Amino acid sequence: MLTSAKEMLNKAREGKYAVGQFNINNLEWTKAVLLTAQENNSPVILGVSEGAGKYMTGYKTVAAMVKAMIEELNITVPVALHLDHGSYEGAKKCIEAGFSSIMFDGSHYPIAENIEKTKELVAITNAKGLSLEAEVGSIGGEEDGVVGKGEVADANECKQIAELGVTMLAAGIGNIHGKYPANWAGLDFDALAKIEEAVGTEMPLVLHGGTGIPEDMIKKAISLGVAKINVNTECQLSFQEATRKYIEAGKDLEGKGFDPRKLLAPGFEAIKATVKEKMELFGSVNKA
Ligand code: 13P
């Protein structure tokens, strides 16, 4: 069932667990995430970066594929189709294409401009019953061309953005897209506690850069208000490792092992295993 992320995240915030956002790249990714959510009776968010949207030929293709797949696979758990790190223009395009949830990443603008643009999008998404994620501070590293310095969010700015009526708020707390460097200082829980205090205990907070964050930090973040956790790189790495094994074992050379449905199958299963592991860790299993 395609739905906004509002209800699933409010329930997660209240129940002290988190819903995973898993970024999709193609049909295999989408099918793997949807089937795993259904098998585990978990709500789920499909994340689409602007780069991945372009790769899949455009947001209309993505929305049509996801809607048809939900129907053909009989997916009954709540599914949100969410633009990840959207620009103002990208947000408008996804709303038109039929996405059920939008992230407007105005974190690189001065705060006044971030507020102004987020406010406009709150009005548009509210009128259409869509959920909206905003960002304050920034996520370090790079994802599909979106580069961040990793500034820790200011609690007062978080409060100003939260008060606009956004559904969920991504705040930089030392998290990074992609693999964490060996000398990573870890999540800034003091900053997170201040942000939770400033925005109130009902606002679902979003933790980007979910790949490679140790379990104890994930659990602590959830206890401090994180109700949505984004995972992208980890599924890519699982897919890559399983595909490499298949090729290196020469399986593509045996019989009809070159058939794309066979060639992509180990990677597909590996994505499913990663998504299941995350759903268990985040506590969203049987919360649909
Ligand atoms: P990772 O690629 O580090 O898992 O981050 C995903 C993310 O935050 C998507 O916005």
Side-chain angles (χ1 to χ4, degrees), residues 5 9 18-26 29-30 32-33 36 44-56 62 80-87 90-91 94 99 101-108 131-153 166-182 184-188 192 204-215 217-218 221-222 226-241 270-271 273-279 281-282 284:
L9 291 181
V19 178
Q21 172 192 306
F22 301 95
N23 285 52
I24 56 170
N25 293 288
N26 58 16
W29 243 262
T30 312
V33 177
T36 311
V44 76
I45 298 169
L46 302 176
V48 180
S49 67
E50 295 207 342
K54 248 188 223 149
Y55 176 78
M56 289 185 270
V62 179
L81 175 59
H82 181 74
L83 171 65
D84 189 24
H85 292 285
S87 61
C94 285
F99 277 47
S101 188
I102 300 292
M103 174 185 189
F104 168 61
D105 180 355
S107 62
H108 48 284
S131 39
L132 181 70
E133 175 178 342
E135 179 168 320
V136 179
S138 80
I139 316 303
E142 188 263 349
E143 184 186 56
D144 269 348
V146 178
V147 181
K149 289 201 192 90
E151 302 95 338
V152 171
V166 299
T167 317
M168 62 275 212
L169 179 68
I173 51 164
N175 39 339
I176 298 172
H177 284 135
K179 290 181 185 173
Y180 284 87
W184 178 50
L187 296 177
D188 187 337
L192 183 56
L205 297 171
V206 184
L207 182 62
H208 282 247
T211 295
I213 298 180
E215 284 192 26
M217 286 195 201
I218 293 279
I222 292 173
V226 165
K228 171 176 180 278
I229 304 178
N230 295 5
V231 178
N232 185 9
T233 308
E234 207 158 326
C235 290
Q236 298 183 0
L237 292 171
S238 307
F239 178 85
Q240 171 251 331
E241 197 186 324
I271 296 169
T274 298
V275 171
K276 180 176 163 58
E277 194 185 292
K278 296 295 169 194
M279 286 176 166
L281 173 62
F282 300 165
S284 69

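Just so you know, ligand 1 is whichever comes first in the structure, and atom 1 is the first atom listed for that ligand. What you see is a predicted model; the values in this text were computed from it and never measured.
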Examine distances only and state if a side-chain atom of [X] and a backbone atom of [Y] form a donor-acceptor pair shorter than 3.5 Å.
| X | Y | value |
| --- | --- | --- |
| Trp29 | Gln236 | no |
| Ser138 | Gly148 | no |
| Glu234 | Gly212 | yes |

Identify, by atom number and element, the atoms of ligand 1 in contact range of [X], meaning under 4.0 Å from any of its heavy atoms.
| X | result |
| --- | --- |
| His208 | 8 (O), 10 (O) |
| His85 | 10 (O) |
| Asn232 | 1 (P), 2 (O), 4 (O), 6 (C) |
| His177 | 3 (O), 5 (O), 6 (C), 7 (C), 8 (O), 9 (C), 10 (O) |
| Gly210 | 4 (O), 5 (O) |
| Val231 | 4 (O) |

Heavy-atom contact under 4.0 Å between Gly47 and ligand 1?
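Per 4.0 Å heavy-atom rule, Gly47 does not contact ligand 1.
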
If the contact criterion is a heavy-atom separation under 4.0 Å, does Glu234 count as touching ligand 1? no

May I ask you to identify the nearest protein heavy atom to [atom], giving residue, atom name and distance to one decimal place in Å?
| atom | result |
| --- | --- |
| atom 3 (O) of ligand 1 | Gly178 N, 2.8 Å |
| atom 8 (O) of ligand 1 | Gly209 N, 2.7 Å |
| atom 4 (O) of ligand 1 | Thr211 OG1, 2.5 Å |
| atom 2 (O) of ligand 1 | Thr233 OG1, 2.5 Å |
| atom 10 (O) of ligand 1 | Asp84 OD2, 2.7 Å |

Answer yes if the side chains of [X] and [Y] hold a donor-acceptor pair under 3.5 Å, and no otherwise.
| X | Y | result |
| --- | --- | --- |
| His208 | Asn230 | yes |
| Glu50 | Ser87 | yes |
| Ser238 | Thr274 | yes |

### Thr36: partners by side-chain hydrogen bond (donor to acceptor under 3.5 Å, both in side chains), with sequence neighbours left out
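Once residues adjacent in sequence are excluded, Thr36 has no partner under the side-chain hydrogen bond (donor to acceptor under 3.5 Å, both in side chains) criterion.
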
**Prompt:** Quick one: does Glu143 get an N or O within less than 3.5 Å of an N or O on ligand 1?
**Reply:**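 Glu143 vs ligand 1: N/O contact under 3.5 Å present.
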
_Quick check on side-chain hydrogen bond (donor to acceptor under 3.5 Å, both in side chains): which of Asp84, Asp144, Thr233 does Asn23 satisfy it with?_
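When Asp84, Asp144, Thr233 are each tested with Asn23, the side-chain hydrogen bond (donor to acceptor under 3.5 Å, both in side chains) holds only for Asp84.
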
Here the gap from Lys278 atom NZ to Ser284 atom OG, rounded to the nearest 0.5 Å, amounts to 12.0 Å

